[in-house]
**Student:** 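Can you keep this structure in mind? I'll have questions shortly.
Residue numbers start from 1 in every chain, and the chains themselves are labelled A, B, ... in the order their sequence lines are given, proteins ahead of strands. Reckoned from all heavy atoms, side chains included, excluding hydrogens, waters and symmetry mates.
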Amino acid sequence: MIKIIDLVKSFNGQRVLDGINLEVPRGQITVVIGKSGVGKSVLLKHLVGLLKPDSGQVLVDGQDITRFSGRQLQELRKRFAVLFQGGALFDSLNVFGNIAFPLREKTRLSEAEIRRRVFERLDQMHLTPDVALKYPAELSGGMKKRVALARAMIQEPEIILYDEPVTGLDPPMTNTVFHLISKTHQESGYTAMMVSHDIPDVFQVSDQVAMLHRGKIIAQGAPAEIQRHPDPVVQSFIRGEVDFLED
Amino acid sequence: MATFIHALGGRFLAVVQEAGAMMLFLLEGLALTFVPPYRPRRVLQELELIGVKSTLIILLTGAFTGMVLGLQGYYTLRKYGSESALGSAVALSLIREMGPVLTAIMVSARAGSAVTAEIGIMRITEQLDALDTMAVNPMQYVVMPKLIAGVIAVPLLTAIFDVVGILGGYLIGVVLLGVSSGAYFSGMVQSVVPLDINGGIVKSLVFGITILLVACYKGYYTEHGAEGVSRATNQTVVLSAILILAWDYVLTSFFM
């Protein structure tokens, strides 16, 4: 469904992505792991055209989106939803306004139907109805992530991109968010790409794992294969060894 | 020496590039006014933030400016026995110069800085990217309503400033210092011509666009976290004030 071919991206002369090749199969969750600052979020942003590569291709259903015009990108983005690292909830809107935002902007649904769908999503995310009137500044980290997930899910997108969905959360909330991602994926069957460094928790939701290191994908396979991967860099990362983290 | 000239040239080119980028930013923002979806509700929201919430500060500064003009004008004119010209002196000073300039500087300090901070925070917390990924153009949703609100609000606030300033001058000149009420207003009516009022309106329109353009542009291209927001906000206030005064000179030379 999504195919990344020889993707290269540099910032201020520093090559962050150095020829990335990766396939994201339809209906599966592909997780890209790697240490902080390695370029995982940069890779993710190329998939919705938020960044343009220096060279290489990003194919979505065979079409190279790196050559898309602004209008074509707008059309493409209707198929996507993105869960940003910090949630990216709009400060000026309350929770209801945030979740309803994509529906109000991109559909002609009645206000009653929007209301029904928003509260359905809140319930799905185990959030009580009174949360709807709160503003993002009044929410805990876990609640923000769940509201952001509700907003991402509200339009039932074909493809969801998760940027560090559990960073900064405590272990119970990490498990809750991963459980919700897993549950929504089973229910909707969407295609997903997730970037994360939360090892080993992330293995529980992934169908395929790829490891990004020094601008390249150095390992790729099923979670069990990655955990047994012979590359010492992969093993070092999975075990969280200090010398690698300080590399 | 060569290094100095090289650095100077580089700096000049950077300024020209940024001016060009700002002009394109403005054109895109204004062009999106005519592209659906139209966003009247967003424009009204921004009018409240930029216009209505600046009213109190404009009332206060307008009143005190008029009072100072009344006081200074009275004692200066008295030397020449021309106290009766106080009304025209206050009105012309306010309508031609002080009203548009001081209103613009106050709006820049209050609303311009707030707009930069708001958009800058939206940038660093990925809210602008979130709009993009929802196929909502952030230029149209965030920037365009603020530009339009600036164009509408600043001339109206300037008119309020002028009226309150004239009343402030009346309070000091007529009520406290004994200038004839009839002389105050008739002098004003005789000396203020449509060109003065039109000049003031044109200035306030240009200042309104300038303030919101600088504020939106600096916020939109904020980088480097909270420090970047702080720097962008600072730049907005300084650059707006300089541009307001520079535009004031250029426009005044046209309307003289």
**Student:** Do any of residues 129-166 of chain B come closer than 4.5 Å to chain A, heavy atom to heavy atom, and if so which ones, in number order?
**Tutor:** B:D129, B:A130, B:L131, B:D132, B:T133, B:M134, B:A135, B:V136, B:N137, B:Y141

**Student:** How far apart are the closest heavy atoms of B:E126 and A:Q85, and which atoms are they?
**Tutor:** OE1-N, 3.9 Å

**Student:** Got a sec: does the CD of A:E111 have more than 12 other heavy atoms crowding it under 6.0 Å?
**Tutor:** yes

**Student:** Which atoms of A:L76 come close to chain B, meaning under 4.5 Å heavy atom to heavy atom: side chain ones, backbone ones, both, or neither?
**Tutor:** neither

**Student:** Taking atom CZ of A:F11 as the centre, does the number of heavy atoms from other residues, nucleotides or ligands within less than 6.0 Å exceed 12?
**Tutor:** yes

**Student:** Within a radius of less than 6.0 Å around CD of A:Q72, do more than 12 heavy atoms belonging to other residues, nucleotides or ligands occur?
**Tutor:** yes

**Student:** When rounded to the nearest 0.5 angstrom, what distance separates CZ in A:F84 from CD in B:Q127?
**Tutor:** 10.5 Å

**Student:** Give a yes or no on this: more than 12 heavy atoms of other residues, nucleotides or ligands lie within 6.0 Å of atom CZ of A:R115.
**Tutor:** no

**Student:** What residue, out of A:L161, A:D163, A:D91, has the most heavy-atom pairs lying under 4.5 Å from chain B?
**Tutor:** A:D91

**Student:** Is B:I121 close to chain A through its backbone or its side chain, or both, or neither, when contacts mean heavy atoms under 4.5 Å?
**Tutor:** side chain

**Student:** As an exercise: rank A:R151, A:Q155, A:Q74 by heavy-atom pairs under 4.5 Å with chain B and give me the winner.
**Tutor:** A:Q74

